[in-house]
Protein chains: 2
Amino acid sequence: MRADGQHKSAMTRRASRPSPVAPAKAPPDDTRRQILNAAAKLLRRNGYASTSLRDIASATGMKAGSLYYHFASKEEIAETVMVEGIDLVRAAVKKALAARPKHSDPLEDIEIAVRAHLHALHESGDYASANIRCFNHVPDEIKQRLRKVRERYNADWRKLINQARTAGCLDTDVDDEALRYGLFGVMNWTLEWLRPGGPLPDDLGAMFFRILFRGAARPPTRD
Amino acid sequence: MRADGQHKSAMTRRASRPSPVAPAKAPPDDTRRQILNAAAKLLRRNGYASTSLRDIASATGMKAGSLYYHFASKEEIAETVMVEGIDLVRAAVKKALAARPKHSDPLEDIEIAVRAHLHALHESGDYASANIRCFNHVPDEIKQRLRKVRERYNADWRKLINQARTAGCLDTDVDDEALRYGLFGVMNWTLEWLRPGGPLPDDLGAMFFRILFRGAARPPTRD
DNA sequence: CCTACCGATCGGTAGG
DNA sequence: CCTACCGATCGGTAGG
């Protein structure tokens, strides 16, 4: 079976000959990914302080000290997970917007973004959740760098809202920043209560969009 | 000055003679309160795992071991703080609703509740914030008991929303639980971003109520 | 309410 | 990537 050289799937293949760009002697990048996956799951569930390097190591099938062959510190592991968490959601929203129907109006774009953000938060899962759950308890130095990454994603939303504002789709007595914080609030708060058996993230996104943009109150009847 | 027996304010007075209901020989309840105040502040800022008994003790001017004269464990201190955090907000909302204008409609009641909740969260401060910030990282046994206390507060909001529903004030295609989670989301998420220099909690409450019930989109013009 | 201390666990390192 | 270990810190206790 091994003679044909095709026995491994593309997912797990390793270079059989040293490649000029990725030398085969180097430690497999897979291990690094396994560490990050385990760390993301644990950080999401237990928080920053309660996640020990021994927990991460044993979940990856190695000993605590060995983690330092791949990362310089616990902080570096956590920061890597959280940055990826932000970028995963950001990329998911960007991708959903790129696939939107032509000539969609600014409000439709926001609905697409809301649904994509919620979907990524609950399906991609651990990385994005770890970012939101651990942000407050991470050392200040990391927090400051994370803020810059978050700010890029905030800018995406400000742009979406501003396009709706410019197009005249938003009510004049609604504050744009309050609206953005409100959107982040309803979306990210789902991490506190939404369980696997509950409503689907996509349906929830549609409902939240409807409430925040059309309002929960019954519209006044035309008379 | 001490001869008149009136030198202490009512806030800090102690029983000068043993009272049948609260014997004077007992340790002062003030100390217990000071411990809880310090714990609430630290739990809010640093989270459950990163708040040590030594931190709480030194903030109260005592040694770590002495805390066990007032509480049985770190868990008991945290649980006490968090239960009070829920009850403080709940009481603030109840009080605000009790003082509402006569014949206010159900939507006005909800706006009052939103503003009271936000006000309590950011002015009463540490206890309520500690509850929200630490809930996920507290031992399961405590979490289960806290859920029951939270459930009482949830019931208050379900009642408010249900009254609006029954009165026909809410749109038929809005889900009541989604609306409640949305309200909690926008309100509690303010802990993640609202800083002392920012908008006043009351103004923010009015804005959030406006967005969630009237909608951020410009209403269709009547033609 | 303090001193002195317990066993457990933490992030991290040396040497291989 | 492991073994063996470091100093620091943790929640909690004994005895006063």
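Letters A, B, ... mirror the listed sequences (proteins, then strands); counts begin at 1.
Checked against salt bridge (Lys or Arg N to Asp or Glu O under 4.0 Å), A:Asp176 has the following partners two or more places apart in sequence or in another chain: A:Arg165. By the side-chain contact (heavy atoms from CB on, under 4.5 Å) test, A:Glu76 is found to be paired with A:Phe71, A:Ala72, A:Ser73, A:Thr80, residues two or more places apart in sequence or in another chain being considered. Here B:Glu111 pairs with B:Arg115, B:Ala206, B:Phe209 under the side-chain contact (heavy atoms from CB on, under 4.5 Å) rule; sequence neighbours left out. The salt bridge (Lys or Arg N to Asp or Glu O under 4.0 Å) test applied to A:Arg145 returns A:Glu79, A:Glu141, not counting sequence neighbours.
Here the C1' atom of nucleotide D:dG15 and the OH atom of B:Tyr68 are 17 Å apart, to the nearest Å. Between B:Ile56 atom CD1 and D:dC10 atom P the separation is 11 Å, expressed in whole Å. Atom CG in A:Asp29 sits roughly 12 Å away from atom P in D:dC1 (whole-Å rounding). Atom CG in B:Leu67 sits about 14 Å away from atom P in C:dT3, given to the nearest Å. Taking atom CG on B:Asp55 and atom P on D:dT9, their separation rounds to 11 Å, with Å as the unit. In this structure, NE2 of B:His70 is placed 16 Å from P of D:dG12, rounded to the nearest angstrom.
B:Tyr181 and A:Trp193 have parallel rings, their planes meeting at less than 30° on a 0 to 90° scale where 60° marks the start of perpendicular.
Side-chain nitrogen and oxygen atoms of A:Lys74 include at least one within less than 4.0 Å of the OP1 or OP2 phosphate oxygen of C:dG11. Between D:dC1 and A:Tyr69, no contact under 4.0 Å exists linking OP1 or OP2 to a side-chain N or O.
Between B:His70 and B:Thr31, the side chains place no donor N or O within less than 3.5 Å of an acceptor N or O (distance only, hydrogens not considered). Side chains of B:Asn131 and B:Glu84: no donor on one and acceptor on the other come within 3.5 Å.
Both the sub-6.0 Å distance and the 45° axial angle are not jointly satisfied by B:Lys94 relative to the ring of B:Tyr153.
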Pairing pattern in dot-bracket form [Watson-Crick, G-U; both distances under 3.5 Å; | = partner strand] for DNA chain C: ||||||||||||||||

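Just one of A:Lys41, A:Arg45, A:Arg44 meets the salt bridge (charged side-chain N to carboxylate O under 4.0 Å, His left out) condition when paired with A:Asp126; it is A:Arg44.
Distances were taken from every side-chain heavy atom of B:Met62 (C-beta onward) to each of D:dC2, C:dG11, C:dC1; the shortest belongs to C:dC1.
Listed by residue number, the members of residues 43-53 of chain B with any heavy atom below 4.0 angstrom from DNA chain D are B:Thr51, B:Ser52, B:Leu53.
Ranked by how close their nearest DNA chain D nucleotide is to the 5' end, A:Lys63 and A:Arg54 are led by A:Lys63.
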